[in-house]
Amino acid sequence: MASLAVMTAVEARLAANFTRCAIITPFTTAETPGDGSPYLTVTYPVANETQASIGAPGSNAYREDGTFRFMLSVPIRTGLEQWSAWIDELRALYRGVVFDGVVTWEAPPPATRDSEDETRCELSFAVPYRFYIFG
């Protein structure tokens, strides 16, 4: 899982720029909508830390490299055009930007799959990031 600073930055950027549906993150205690409406889940499946410099204690740099993932869950058989547009908005929001010390690069097109209960379709993509911690 990503460091607290990374999750805070990612989720603040998301909250300020994407209000199309309910958002579920490690910071929220919300349940998935019971009415079948779309919702977005944010997870942090991969994070590694490497010491990037050696200096006096308190003056070292540590590099965190990881990935955060977005999964848009939508009702099945509602067509992907609208949902693909939402995903493209999210991809553009996190593609090749620097915000609150988080650096991102590409935001690849989504993978899709039907849910196990065959009532929802899930579109997901992951964004690699880098973040430096000093201390």
field: Close side-chain approach of L40 to M71, heavy-atom, < 4.5 Å
entry: no
Original post:
Which is it for Y129 and F131 under the ring-ring contact (aromatic ring centres under 6.0 Å, His included) test, yes or no, and what are the steps along the way?
Top reply: CA-CA 7 Å; Y129 73 86; F131 181 74; 7.7 Å; no
Looking only at heavy atoms, the pair that brings C21 and P38 closest together is CB-O, 3.4 Å
On a heavy-atom basis, the closest approach of A126 and T67 is CB-CG2, 3.3 Å
- prompt: So, do P109 and R91 sit near enough that their side-chain heavy atoms are less than 4.5 Å apart?
  reply: yes
Residues passing the side chain to side chain donor-acceptor pair (under 3.5 Å) test with R95, sequence neighbours excluded, are none
Nearest heavy-atom contact between P110 and F125 is CA-CB, 4.1 Å
ask   = Should L80 and I87 be counted in the same cluster of Ile, Leu, Val, Met, Phe, Trp and Tyr side chains packed under 4.5 Å apart?
value = yes
Rounding to 0.5 Å, atoms CZ (F70) and CG (L93) come to a distance of 7.0 Å
Can you establish whether the number of heavy atoms outside Q51 located under 6.0 Å from its atom CD is more than 12? yes
Interatomic distance, CG@L123 vs OG@S84, rounded to 0.5 Å, equals 5.5 Å
*Is there a side-chain contact between I24 and Y39 (heavy atoms, below 4.5 Å)?*
yes
Is there a side-chain contact between E64 and V6 (heavy atoms, below 4.5 Å)? yes
Quick note, side chain to side chain donor-acceptor pair (under 3.5 Å) partners involving residues 6-26, not counting sequence neighbours, are E11-T25, E11-Y44, R20-E89
| Are any of the side-chain heavy atoms of E122 and L72 separated by less than 4.5 Å? | no
All heavy atoms of S37 vs all of D35, minimum pair found to be OG-OD1, 2.7 Å
Enumerate, atom names and distances included, each donor-acceptor pair closer than 3.5 Å involving a side-chain atom of residues 100-107, sequence neighbours excluded.
| residue | atom | partner | partner atom | Å |
| --- | --- | --- | --- | --- |
| T104 | OG1 | Y94 | O | 2.6 |
| T104 | OG1 | G96 | N | 3.4 |
| T104 | OG1 | V97 | N | 3.1 |
| T104 | OG1 | V97 | O | 3.3 |

Taking the side chain as everything from C-beta on, heavy atoms only, tell me whether T28 gets closer than 4.5 Å to I23.
no
**Message:** Quick check: do V42 and F27 have side-chain heavy atoms less than 4.5 Å from each other?
**Reply:** no
Between the CZ atom in R77 and the SG atom in C121, the distance rounded to the nearest 0.5 Å is 10.0 Å
| request: Indicate if Y62 and L4 have the same hydrophobic cluster label, given that clusters are the connected sets of ILVMFWY residues with side-chain heavy-atom separations under 4.5 angstrom. | output: yes
- Item | Note, R63 side chain near D65 side chain (heavy atom, < 4.5 Å) | yes
Per side-chain contact (heavy atoms from CB on, under 4.5 Å), R69 is matched among T43, T41, V127, V46 by T43
- Decide side chain to side chain contact (heavy atoms under 4.5 Å, CB included) for L90 and F18; before the verdict, give the C-alpha distance in whole Å, the side-chain angles of both, and the deciding distance to 0.1 Å. CA-CA 8 Å; L90 289 165; F18 188 81; 3.7 Å; yes
Closest non-hydrogen contact found for S53 with S59 is OG-O, 4.2 Å
